[in-house]
Amino acid sequence: GIGLVNSYSGASELADSERAVERYIERVRPCVRAAEKARVTLLIENQIDVASGNACRRVADVLRILRQFDSPSLRHTYDPANYYGAGEDPLGAFGALRPYIAHAHLKDVAVATAEMVAQRPNYKYWPFPERLMMAVPAGEGEAPVKQAYRLLAESGYKGYVCTEPFVEEEPLRRALTYLRGLGVPG
């Protein structure tokens, strides 16, 4: 059966991130209990969204949620590109969250220029007040993908590593080639 279930906190109308975390803890509690009963692992993935109502964009908030439950059935999907895009230190996030990491996503992001948007209208974009971020193939952006994978490998991480196909088929192939070149099993 299924052993891992990935989830997101989602954005909310709340302007206060502290209240957003409290609300998320309240709402995810029955899910954690159900995961414990079913003997599956519910994963919370950090999100790139910088909205204050997002309970899982900051390392401190993700840690608070995980520590609140202290359950082996609630773990973290580590996505360094999401931390980078949200203005957090992705490698510092790894150090803080390593005991909770049970899944990893390796993709890349870059600040999008008007030219890039015109050339790649089908890519995934995240609008921020001061910049527009876009998904790019792993290894072609600004996130420390290579260093993040090195940390995973050196820590003895044995879980899945995947990429997210926010790009078209040919760029996705480049991403997979890059990741395999790092040693990511494929």
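Excluded from the calculations below are hydrogen atoms, water molecules and symmetry mates; all remaining heavy atoms, backbone and side chain alike, are included. This structure is a prediction, so every number in the text was calculated from the model and none was measured.
Scanning both residues, Val145 and Gly139, for their nearest heavy atoms gives CG2-N, 4.3 Å. Contact between Pro80 and Ala148 at its shortest, heavy atoms only, is CG-CB, 3.6 Å. For the residue pair Tyr123 and Ala135, the shortest heavy atom distance occurs at CD2-O, 3.0 Å. Shortest non-hydrogen contact noted between Ala55 and Ser9 is N-OG, 3.3 Å. Closest non-hydrogen pair, Ala104 versus Tyr157, comes out as N-OH, 3.3 Å. Smallest separation of non-hydrogen atoms from Glu45 and Asn82: OE2-ND2, 3.2 Å.
His76 places a side-chain N or O within donor-acceptor distance of the main-chain N or O of Ile44, the cut-off being under 3.5 Å. The backbone N or O of Leu43 sits less than 3.5 Å from a side-chain atom of Ser7, completing a donor-acceptor pair. No side-chain donor-acceptor contact under 3.5 Å links Ser73 to the backbone of Val32. The main-chain N or O of Cys56 is never found under 3.5 Å from a side-chain atom of Asp61 such that the two would form a donor-acceptor pair. For the pair Arg75 (side chain) and Ser71 (backbone), a donor-acceptor distance under 3.5 Å is present.
Looking at heavy atoms from C-beta onward, Val136 lies out of side-chain contact with Pro171 at the 4.5 angstrom threshold. Side-chain contact between Tyr160 and Leu4 is present, with at least one heavy-atom pair separated by less than 4.5 Å. The closest side-chain heavy-atom distance from Thr163 to Leu106 is not below 4.5 Å. The side-chain heavy atoms of Met134 and Val109, taken from C-beta on, include no pair separated by under 4.5 Å.
With rounding to the nearest 0.5 angstrom, the CD atom of Glu170 is 9.5 Å from the CG atom of Leu172. Asn46 CG to Arg57 CZ: the interatomic distance, rounded to the nearest 0.5 Å, is 11.5 Å. Expressed to the nearest 0.5 Å, how far CZ of Arg64 lies from CZ of Phe69 amounts to 10.5 Å. Between the OG1 atom of Thr77 and the CG atom of Asn6 there is a distance of 3.5 Å, given to the nearest 0.5 Å. Residue Trp126 holds its CH2 atom at 4.5 Å from CD1 of Ile48, rounded to the nearest 0.5 Å. Note that CG of Leu74 is 9.5 Å distant from OH of Tyr100, once rounded to the nearest 0.5 Å.
Among residue pairs with one or both ends in residues 106-118, those qualifying as salt bridge (charged side-chain N to carboxylate O under 4.0 Å, His left out) are Asp79-Lys107, Lys107-Glu164; sequence neighbours excluded. Judged as a salt bridge (charged side-chain N to carboxylate O under 4.0 Å, His left out), the pairs with a partner in residues 23-33 (not counting sequence neighbours) are, in order, Glu13-Arg23, Arg19-Glu26, Arg33-Glu36. Identified under the side chain to side chain donor-acceptor pair (under 3.5 Å) test for residues 136-147, with sequence neighbours left out: Tyr84-Glu142, Glu140-Arg174.
Linking ILVMFWY side-chain heavy atoms closer than 4.5 Å, directly or via other members, places Leu152 and Leu66 in a single hydrophobic cluster. Criterion: ILVMFWY side-chain heavy atoms under 4.5 Å apart, direct or through other members. Under it, Tyr83 and Tyr24 are part of a common hydrophobic cluster. In the hydrophobic clustering of this structure, Leu42 does not group with Val40; members are Ile, Leu, Val, Met, Phe, Trp, Tyr whose side-chain heavy atoms approach within less than 4.5 Å, directly or through other members.
The salt bridge (Lys or Arg N to Asp or Glu O under 4.0 Å) check on Arg120 picks up nothing, with sequence neighbours excluded.
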Residues 176-186, side-chain donor-acceptor partners within the protein, below 3.5 Å, at least two apart:
| unit_1 | atom_1 | unit_2 | atom_2 | d |
| --- | --- | --- | --- | --- |
| Thr177 | OG1 | Arg173 | O | 3.0 |

Please list every donor-acceptor pair under 3.5 Å in which a side-chain atom of residues 87-99 meets a protein atom from a residue at least two apart or in another chain.
| unit_1 | atom_1 | unit_2 | atom_2 | d |
| --- | --- | --- | --- | --- |
| Glu88 | OE1 | Val59 | N | 3.0 |
| Asp89 | OD1 | Leu91 | N | 3.1 |
| Asp89 | OD1 | Gly92 | N | 3.3 |
| Asp89 | OD2 | Gly92 | N | 3.2 |
| Arg98 | NE | Ser155 | OG | 2.9 |
| Arg98 | NH1 | Ile101 | O | 3.4 |

